[in-house]
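Quick caveat, the model's predicted, so the values are computed rather than measured.
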Amino acid sequence: MSIFKKAFFMGEISDFINHIKYENRYSNHTLTAYNKDITAFRDFLDEEFPEAEIDKTEPYMIRSWMVKLSESGMKAVSINRKITSLRSFFRFLEKKNAIKSNPASLINPMRKSKTLPVYVEEEKMDFLFDEVDFGSEYKGLLDRVLIELLYSTGMRLSELTGLKNHDVDFYNRSIKVLGKRNKERVIPLTDNMINQLRKYMAARDREFGGARDDNYIFLTPTGRKIYNKFVYRRINNYLGMVTTLTKKSPHVIRHSFATHMLNKGADLNAIKEILGHSSLAATQIYTHNSIEKLKSVYKQAHPKA
């Protein structure tokens with residue numbers, strides 16, 4: 001690419017960045033990312049297609065860049081972001097009649113590799129409830145019932161912290177949660193979970209009496225409604241006693257619930273309803289963990305494996 005072409009290309013990039021800065025009011029972080037992505041593509045053209053001009057950029061040139069980025073180890077999500085930058089840049093040039101068509105509009109995004117849900121093994125969850133001493137004080141009872149309820153229902157953290165007294169139906173052994181998009185669902189509770197809730201609520205009433213918030217089920221040791229960070233810290237602390245997983249969050253317990261249910265033969269549609277997923281596709285990711293477990297068992301047990 002000649003010095004003249006390179007300077008012209010840089011001028012168009014500068015015009016584009018100014019356009020999205022003042023017209024779209026993008027943040028400085030986004031402006032920097034767009035500038036970096038488009039300049040990197042210009043440098044790639046300079047190296048691989050030195051005769052290419054800005055109005056002669058072809059889709060195969062962009063695909064070649066994608067291949068090079070992928071071979072360097074860059075993840076699909078990062079590559080797709082760079083293509084988005086290029087698509088916007090060429091759309092800008094198309095609108096100002098600097099090019100006839102947008103070559104990036106013909107590029108399909110790369111498929112993102114699915115990350116399997118992280119979960120705690122069943123025996124480790126059993127060890128947590130059977131062997132770890134939570135204590136008999138209010139704080140210990142609270143910690144235990146929070147973890148048990150998450151593991152028994154697979155509910156989300158935000159659903160847990162929003163639970164109110166009237167959400168528990170002791171007679172029908174169920175609990176009502178308010179999920180995403182304000183969709184309510186009812187989750188069945190085991191006899192053990194019902195007993196744990198009764199035990200905790202009795203301790204809560206003794207601890208705070210009338211000086212508590214009557215609306216919410218779970219209160220911190222200081223009498224406040226529980227909040228996300230409080231629950232996260234408690235979960236992280238207890239999971240750290242039984243697992244070496246890097247992630248030790250409430251969502252890991254949700255993943256553990258779904259995976260263990262599936263491993264025990266639960267119907268996928270039933271798990272979908274309990275988790276509050278809007279589509280079965282979101283629930284199907286747990287089948288991958290089950291398949292991996294099946295492969296592991298096969299390799300260990302089959303004489304020809």
Side-chain angles (χ1 to χ4, degrees), residues 125 128-129 134-239 249-261 264 266-280 282-283:
M125 291 302 297
L128 175 60
F129 296 125
F134 287 84
S136 57
E137 300 297 320
Y138 175 77
K139 184 178 180 181
L141 294 175
L142 172 64
D143 289 343
R144 183 180 184 107
V145 76
L146 290 176
I147 299 173
E148 285 220 35
L149 189 59
L150 284 171
Y151 185 54
S152 295
T153 63
M155 68 175 66
R156 301 178 179 92
L157 174 59
S158 59
E159 296 167 347
L160 176 77
T161 57
L163 287 173
K164 297 182 179 180
N165 290 304
H166 60 74
D167 291 327
V168 182
D169 186 339
F170 287 106
Y171 180 79
N172 290 307
R173 288 174 166 73
S174 63
I175 191 165
K176 181 174 65 178
V177 299
L178 187 63
K180 290 183 176 180
R181 294 175 292 278
N182 290 323
K183 289 179 64 177
E184 288 186 348
R185 68 184 188 281
V186 176
I187 305 175
L189 297 176
T190 63
D191 289 344
N192 175 65
M193 194 67 250
I194 287 290
N195 292 333
Q196 289 289 340
L197 280 169
R198 287 188 187 278
K199 186 177 180 181
Y200 160 75
M201 292 171 85
R204 179 200 63 188
D205 293 347
R206 289 193 302 270
E207 187 80 10
F208 301 107
R212 64 177 174 83
D213 187 335
D214 285 325
N215 289 323
Y216 293 97
I217 298 178
F218 300 114
L219 304 178
T220 69
T222 59
R224 295 172 55 198
K225 170 185 172 289
I226 60 168
Y227 48 95
N228 288 4
K229 189 171 288 187
F230 172 84
V231 179
Y232 181 91
R233 284 198 299 257
R234 304 314 300 149
I235 299 297
N236 186 272
N237 176 60
Y238 280 99
L239 289 187
S249 67
H251 217 67
V252 168
I253 296 184
R254 178 173 162 88
H255 292 326
S256 302
F257 161 82
T259 302
H260 298 167
M261 287 279 286
K264 293 288 187 179
D267 179 72
L268 197 62
N269 276 299
I271 297 174
K272 167 187 171 291
E273 294 302 317
I274 294 173
L275 292 177
H277 285 159
S278 57
S279 69
L280 194 61
T283 317

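Remark: S279 engages no residue in a side-chain hydrogen bond (donor to acceptor under 3.5 Å, both in side chains) (not counting sequence neighbours). Annotation: side-chain hydrogen bond (donor to acceptor under 3.5 Å, both in side chains) contacts of N182 (sequence neighbours excluded): none.
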- [ ] Test V186 against N172 for side chain to side chain contact (heavy atoms under 4.5 Å, CB included), laying out the working first.
- [x] CA-CA 11 Å; V186 176; N172 290 307; over 6 Å; no
Open item on the list: With side chain to side chain contact (heavy atoms under 4.5 Å, CB included) as the criterion, how do Y227 and T220 come out once you've worked through the C-alpha distance, each side chain's angles and the decisive distance to 0.1 Å?
Closed with: CA-CA 9 Å; Y227 48 95; T220 69; 4.1 Å; yes
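With a 4.5 Å cut-off on side-chain heavy atoms, F257 and L275 count as touching. Within the 4.5 Å cutoff, side-chain heavy atoms of V145 are placed close to those of M193. Between L142 and F230 the shortest side-chain heavy-atom distance falls below 4.5 Å. Contact check for L141 versus M201: no side-chain heavy atoms found under the 4.5 Å cut-off. Between M261 and K264 there is no side-chain heavy-atom pair separated by less than 4.5 Å. Between Y200 and I217, some side-chain heavy-atom pair lies under the 4.5 Å cut-off. Residues S278 and R181 are in side-chain contact: their nearest non-hydrogen atoms beyond the backbone lie under 4.5 Å apart.
Side chain of R204 to backbone of L219: no donor-acceptor contact under 3.5 angstrom is found. A donor-acceptor pair under 3.5 Å is formed between the side chain of N195 and the backbone N or O of D191. In this structure a side-chain-to-backbone donor-acceptor pair under 3.5 Å is missing from Y232 to L157. Side-chain N or O atoms of D205 include none that pairs as donor or acceptor with a backbone N or O of A202 at under 3.5 Å.
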Going by atom type alone, with no hydrogens or angles, which donor-acceptor pairs under 3.5 Å involve a side-chain atom of residues 147-154 and a protein atom two or more places apart or on another chain?
from: E148; atom 1: OE1; to: N192; atom 2: ND2; distance (Å): 3.2
from: E148; atom 1: OE2; to: R144; atom 2: NE; distance (Å): 2.8
from: E148; atom 1: OE2; to: R144; atom 2: NH2; distance (Å): 3.2
from: Y151; atom 1: OH; to: H260; atom 2: ND1; distance (Å): 2.7
from: S152; atom 1: OG; to: E148; atom 2: O; distance (Å): 2.8
from: T153; atom 1: OG1; to: L149; atom 2: O; distance (Å): 2.6
from: T153; atom 1: OG1; to: M155; atom 2: N; distance (Å): 3.3

